[in-house]
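Okay, so here's the structure we're looking at.
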Amino acid sequence: MLPVSQAEQIILDLVQPVSAIESLDLALATGRILANEIVSRLDFPHWDNSAMDGYAVKFADVRSSTPKHPITLEVVEEIPAGYQPQREIQSGEAARIFTGAIVPAGADTIVMQEHTQRVQKNFVKIQIAPTARSFVRQRGEYACIGDPLLAAGTVLNPPEIAILAATGCSQVEVYRRPRVAILSTGDELVTPHDTLKPGQIVDSNQYALAAFVTQAGGIPICMGIIPDDRAKLTAAMSEAIASADFVLSTGGVSVGDYDYVEAILAELGGDIQVRAVAIKPGKPLTVAKFKSEARTVVYFGLPGNPVSALVSCWRFVKLAIAKFSGLPESKYQPTWLEAITTQELTADGKRETYLWGQLELINGRYEFSLAGGTQSSANLINLAGTNALAVVPIDIYSIEAGATVQILVL
Ligand SMILES: Nc1nc2c(c(=O)[nH]1)N[C@H]1C(S)=C(S)[C@@H](COP(=O)(O)OP(=O)(O)OC[C@H]3O[C@@H](n4cnc5c(N)ncnc54)[C@H](O)[C@@H]3O)O[C@H]1N2
Ligand code: MOO
Ligand SMILES: [Mg+2]
């Protein structure tokens, strides 16, 4: 059995980042990964503009204003947002201005409306002296033409989408997403639409893995249930390998008489790199590489137990998908943190043990609470609400309540 860290390294080494790019409408690009660096096409802000509703003035005119001795200026123009000022402000003059509007030539300072009093129709009293250049958002203050804004490999979340829109990128080049074939192996499996006959169970893995792949940024290709029939399984595995970047199959990787996956992978020419990992749950993980001139496919033969399959996805497949997708190394590495465990955590000491539960930030410190009920790899019911896995290292049998534990954040 390979140590978990070694299996992780082998898996990451099998994956090459994708180079294929697709061009997308910006409105459809949320969550996608930028393929090229974006540099600013404009100065931000694009004009000197006002940060307040008020008056544009020359600072020198109003520097001595006080409530007792306000300075009175003539209002010579009104400048709403989106309007090109027509006049240059002269000494003794002001322009009425609104937030976002261009600061007129000649003015260098904005006085907020609350510090003024309008008198007659065309005059304003400045009652409190502003500081020089106050409330002027200067052209190029945030970014200038040619400044790098977003690096290749950036995930496009709302802030990045806003930046792309602001700089006029209505089409954006992103890496194509990995295609991930999912197949469930087992004679006992039926779909959720079927009524269970004796011995049958619902193929929950197909749904769980499709949800996982979507969340990880891949495109799930659900290939359904394949019976424990060697010829049928060979055909399905071979079709999956031909049509995807990754294949996730569940079941058939242990030592049972109907566990055919490893043998078929070898028969199909796969280079089997992982056969078993010292992880609980998830020990019989089988990973193979299929490499042709055109492409590389990484095949994950995941254990059939529902929790084992998901833990293998969270611990290994997630990183592989993230690396393929074009994320930089700092972003595809797992997120670890330390937390206080609220209950005792136990393990058999033989394998690195991943216990599922909930991570919460309570009074400024992270606390991990074990899911209620049995920590059994068949018990998918108590997985609900899981957002973290606590790790008990090999040779450790117990971590007492109140102690610090290493947490994998999901
Ligand atoms: N003699 C041994 N037996 C087992 C060992 C071992 O070391 N020696 N390892 C156990 C461990 S650990 C695991 S994990 C499982 C892995 O089993 P397989 O990957 O071969 O999977 P199956 O035998 O096909 O099924 C196991 C279990 O999972 C259920 N299952 C399968 N597919 C699905 C699905 N799509 N949706 C929901 N549930 C599924 C299946 O009914 C079985 O109960 O092997 C142990 N055995
Ligand atoms: O590795 Mo198995 O996944 O312990 O149940
Ligand atoms: Mg089996």
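Numbering of ligands and ligand atoms starts at 1, following listing order.
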*Looking only at N/O atoms, are P306 and ligand 1 under 3.5 Å apart anywhere?*
no

*Tell me which one of E188, M1, Q206 gets a heavy atom nearest to atom 41 (O) of ligand 1.*
E188

*Look at the rings of F246 and F324 and say which category their plane angle falls in: under 30° parallel, 30 to 60° tilted, over 60° perpendicular.*
perpendicular

_Heavy-atom nearest neighbour in the protein, as seen from atom 8 (N) of ligand 1, with distance rounded to 0.1 Å_ = V255 CG2, 3.6 Å

_Quick one, V392 and T346 - any side-chain contact, counting heavy atoms below 4.5 Å?_
no

*Taking the side chain as C-beta and beyond, is there a heavy-atom pair between P104 and I97 under 4.5 Å?*
yes

*Under 4.0 Å from ligand 1, counting heavy atoms only, is it the side chain of I225, its backbone, both or neither?*
neither

_Is the shortest side-chain heavy-atom distance between D245 and V180 below 4.5 Å?_
no

*For P281 and ligand 1, answer yes if some heavy atom of the residue is under 4.0 Å from a ligand atom, otherwise no.*
no

*Minimum-distance protein heavy atom relative to atom 7 (O) of ligand 1*: K283 NZ, 2.7 Å

*Counting from 1, what ligand 1 atoms have a heavy atom of T250 closer than 4.0 Å?*
35 (N)

_Please classify the S204 to ligand 1 contact at 4.0 Å (heavy-atom distances, strictly less than): side chain, backbone, both or neither._
both

*Identify the closest protein heavy atom to atom 4 (O) of ligand 2: which residue and atom is it, and at what distance?*
R351 NH1, 3.2 Å

*So is there a nitrogen or oxygen of V253 less than 3.5 Å from a nitrogen or oxygen in ligand 1?*
yes

*Distance-only side-chain donor-acceptor flag, R295 / Q16, under 3.5 Å*: no

*Which heavy atom of the protein is the closest neighbour of atom 5 (O) of ligand 2, given with residue, atom name and distance?*
S377 OG, 2.6 Å

_Pairwise side-chain contact, I126 with P70, heavy-atom cut-off 4.5 Å (strictly under)_ = no

*Nearest neighbour of atom 25 (O) of ligand 1 from the list G282, G304, A208, S249, on a heavy-atom basis*: G304

*Run down the list P284, G251, A378, G301 and name the one with the heavy atom closest to atom 16 (C) of ligand 1.*
P284

*Of all the non-hydrogen atoms in the protein, which one sits nearest to atom 10 (C) of ligand 1, and at what distance?*
S254 OG, 4.2 Å

*Within-4.5 Å side-chain heavy-atom neighbours: E360 and Y366*: no

*With heavy atoms only and a cut-off of under 4.0 Å, state how I201 meets ligand 1: side chain, backbone, both or neither.*
side chain

*asked:* If you define the side chain from C-beta out and look only at heavy atoms, does anything of L265 sit under 4.5 Å from M237?
replied: yes

*At a 4.0 Å threshold, what atoms of ligand 2 neighbour a non-hydrogen atom of N305?*
5 (O)

*Among T99, N49, D48, which one satisfies side-chain hydrogen bond (donor to acceptor under 3.5 Å, both in side chains) with R137?*
N49

*Nearest-neighbour protein heavy atom for atom 3 (O) of ligand 2, which is reported as residue plus atom name and distance*: S308 OG, 2.3 Å

*Between N305 and ligand 1, which residue portion shows a heavy-atom distance shorter than 4.0 Å: side chain, backbone, both, or neither?*
both

_Under 4.0 Å, heavy-atom basis, I'd like to know which part of S184 is in contact with ligand 1: side chain, backbone, both or neither._
side chain

*Would S398 and E344 count as having a side-chain donor-acceptor pair, cut-off 3.5 Å?*
yes

*Do V75 and K121 come close enough that some side-chain heavy atom pair is under 4.5 Å?*
no

*Does D203 approach ligand 1 within less than 4.0 angstrom via side chain, backbone, both or neither, non-hydrogen atoms only?*
both

*What are the atoms of ligand 2, with element, lying closer than 4.0 Å to any heavy atom of G282?*
1 (O), 2 (Mo), 3 (O)

*Close side-chain approach of D147 and F44, heavy atoms under 4.5 Å*: no

*For K283, take its heavy atoms, then give the atoms of ligand 2 lying under 4.0 Å from any of them.*
1 (O)

*Could you pull out, from G252, G199, G186, P303, the option with a heavy atom nearest to atom 21 (O) of ligand 1?*
G252

*Run the contact test for S308 against ligand 1 with a 4.0 Å cut-off on heavy atoms, strictly below, and give the result.*
yes

*Flag for T404-E338: side-chain donor and acceptor within less than 3.5 Å*: no

*Can you figure out which of I182, D259, N205, V202 has its heavy atom closest to atom 32 (N) of ligand 1?*
N205

_Under a plain distance cut-off of 3.5 Å, with no hydrogens placed, do Q375 and N379 share a side-chain donor-acceptor pair?_
no

*asked:* Under a 3.5 Å threshold, yes or no: a donor from one side chain and an acceptor from the other, between S249 and T185?
replied: no

